[in-house]
Number of protein chains: 2
Amino acid sequence: MEYDKYAYEPFAVTVDLAVLTVRDGALHVLLVERGQDPYAGHWALPGGFVEPDESAETAARRELAEETGLSDVTGLHLEQLRTYSEPDRDPRMRVVSVAFTALLPDAPEPHGGSDAADARWVECDTALPVAFDHDRILADARDRVGAQLEYTCLATAFCPPEFTLGELRQVYETVWGTELDRPNFRRKVLATPGFVEPVPGAARLTGGRGKPAALYRAGPATSLVPPLLRPSREGRPA
Amino acid sequence: MEYDKYAYEPFAVTVDLAVLTVRDGALHVLLVERGQDPYAGHWALPGGFVEPDESAETAARRELAEETGLSDVTGLHLEQLRTYSEPDRDPRMRVVSVAFTALLPDAPEPHGGSDAADARWVECDTALPVAFDHDRILADARDRVGAQLEYTCLATAFCPPEFTLGELRQVYETVWGTELDRPNFRRKVLATPGFVEPVPGAARLTGGRGKPAALYRAGPATSLVPPLLRPSREGRPA
DNA sequence: CGTGTTTATAGTCCAAGTGACCATTAAGGG
DNA sequence: CCCTTAATGGTCACTTGGACTATAAACACG
């Protein structure tokens with residue numbers, strides 16, 4: 001490999017974030033409204049340039065803090081998704097973007113941050129024209145997260161620090177778009193060591209309509225073996 | 001996002017390839033010997049710059065053809081691994097590298113190609129000092145491939161067009177570093193629709209020492225549900 | 001030439017896992 | 001006060017997968 005920085009057209013390197021959360025039984029993504037061309041007025045994934053002294057991960061966490069307005073993003077799940085490098089993905093210049101997936105427990109309304117005209121949570125299933133190739137990034141992020149729910153304990157990243165098994169089950173049902181049997185889901189989760197841990201004291205009462213549920217915290221486990229397979233689309237009569 | 005190509009230090013964008021193959025019951029990786037500083041004389045993963053009109057995927061496939069000397073790399077499994085962007089990963093300048101994993105069936109000896117002093121297959125487990133952060137890239141590639149064998153049909157990418165179930169099993173055993181029960185492996189593979197398909201005619205005779213094995217081809221399936229879990233390191237008495 | 005080794009293949013047995021249920025408990029809403 | 005809702009506890013049958021035995025068909029070696 002020869003290195004001659006003047007022999008090649010310089011690349012701009014950016015990060016794009018697919019910040020996902022579960023709200024009202026639907027998967028939502030954080031989008032910002034672009035204030036300038038190209039795609040002025042379109043919605044787009046939050047993101048920005050990687051600074052000269054940053055890694056892409058550092059830049060992504062900085063952007064996450066800026067765009068969500070959260071004071072503490074250290075505990076949030078942030079993971080590299082993949083890199084998008086098609087030569088024509090940005091009409092102005094050569095931009096290579098490292099995309100990340102971030103999972104948030106609750107959904108605080110974002111303040112239209114730094115360089116974005118507006119920022120808001122948008123339901124993923126609404127057919128919304130988004131800028132650049134961000135629709136593909138978002139689709140890839142949904143695929144990845146859906147697959148990860150099967151064989152990791154990642155679902156707790158969508159939940160607040162203390163949660164009920166019903167809330168955890170709704171995460172699966174929302175991301176997968178299926179219904180799960182309550183008793184079987186409970187048995188599977190509780191049979192997996194380190195997935196969830198009971199909160200010593202209380203049980204939640206005031207909120208829902210049914211019998212109050214016990215509270216759990218996320219456990220130390222990260223992988224889920226054997227996996228929790230989503231109901232197959234096969235074998236269903238037409 | 002503001003785009004001003006002069007406001008930021010330019011990034012060089014490269015691709016690095018972890019080209020893996022199974023040979024003699026051991027996982028091998030294609031390494032090239034660097035001819036110049038830094039790391040002159042060290043071994044490194046093959047790779048190179050992304051050209052102005054290329055995507056990272058295109059560049060990776062071009063490099064794969066160049067480095068392996070294979071005339072046809074269209075059928076080979078090439079997959080984006082992740083992007084490495086630590087600011088100090090290259091001592092000379094800011095280089096962001098998109099790493100790929102490639103899986104090869106057999107192991108034709110590479111010709112020391114274009115800009116590499118030498119190229120050869122190296123057993124992955126040999127503790128070899130490699131340049132830059134390529135040891136981490138290689139470790140990530142091994143992790144990824146090992147995990148993918150569990151829940152995808154990717155193992156056939158290590159095999160020639162026609163192969164026996166014993167060869168397929170050796171792929172698993174080599175990548176995972178474990179032994180698998182022959183009858184159980186056979187039952188699992190054959191019970192998965194579309195994983196492998198029998199070759200109409202022949203059965204292999206001349207090669208091995210034991211009873212001749214039937215030949216199979218890779219089937220159309222890509223995902224392996226339920227997965228083929230590797231034997232756990234747990235539950236083993238000390 | 002026969003015997004032993006090696007590998008492929010067929011089949012058995014049983015424990016764990018899981019889907020499909022049913023039943024009970026404990027809240028809130030009319 | 002009854003109905004609805006949701007959590008929780010439990011059963012049962014079927015499937016999966018790990019451990020294991022047995023047979024078949026090649027080669028190596030004396």
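FYI, side chains are in, hydrogens and waters are out, and symmetry mates aren't considered; it's all heavy atoms of this structure. Reminder, nothing fancy here: chain letters follow the sequence lines and each chain counts from 1.
The nearest whole Å value for the distance from the CG atom in L190(A) to the C1' atom in dG10(D) is 14 Å. In this entry the distance linking CG of N184(B) with C1' of dA15(C) reads 14 Å, nearest Å. We find that CD of E150(B) is positioned 16 Å from C1' of dT16(D), with the value rounded to whole Å. When the P atom of dG18(D) is taken as reference, atom CZ of R230(B) falls 14 Å away, rounded to whole Å. Distance, F185(B) CZ to dA10(C) P: 15 Å, rounded to whole Å. Rounded to an integer number of Å, the gap from CG of D181(A) to C1' of dC12(D) is 14 Å. Atom CG of L180(B) is separated from atom C1' of dC20(D) by 16 Å (rounded to the nearest Å).
For the pair R187(B) and F185(B), the cation-pi test (distance below 6.0 Å, angle within 45°) is failed.
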>> Apply side chain to side chain donor-acceptor pair (under 3.5 Å) to residues Y84(A) and D140(A) and explain how you reach the verdict.
In response: CA-CA 11 Å; Y84(A) 298 84; D140(A) 289 345; 2.5 Å; yes
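Side-chain N/O atoms of R187(A) and base N/O atoms of dG10(D) include no donor-acceptor pair closer than 3.5 Å.
The side chain of K188(A) contributes an N or O atom lying less than 4.0 Å from OP1 or OP2 of dT18(C).
Note that the CZ atom of R61(A) and the CG atom of L17(A) stand 10.0 Å from one another [nearest 0.5 Å]. The distance from the CZ atom of R34(A) to the CG atom of D118(A) is 14.0 Å, given to the nearest 0.5 Å. How far CG of L45(B) is from CD of E67(B): 10.5 Å, rounded to the nearest 0.5 Å.
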> How does each nucleotide of nucleotides 2-8 of chain D score, in 5' to 3' order, for protein heavy atoms under 4.0 Å: base (B), sugar-phosphate only (S), or none (-)?
Replying inline: ---BBBB
>> Can you give me the dot-bracket string for DNA chain D, 5' to 3', counting Watson-Crick and G-U wobble pairs with both distances under 3.5 Å, using [ ] for crossing pairs and | for partners on another strand?
In response: ||||||||||||||||||||||||||||||
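The heavy-atom pair separating S85(A) from E57(B) by the smallest distance is OG-OE1, 3.8 Å. A pairwise comparison of heavy atoms in V29(A) and C124(A) identifies CB-SG, 3.9 Å as the closest pair.
Residue-environment remark: CZ (R120(B)) stays at or below the threshold of 12 foreign heavy atoms within 6.0 Å.
In this structure, Y151(A) has its ring center under 6.0 Å from that of Y151(B).
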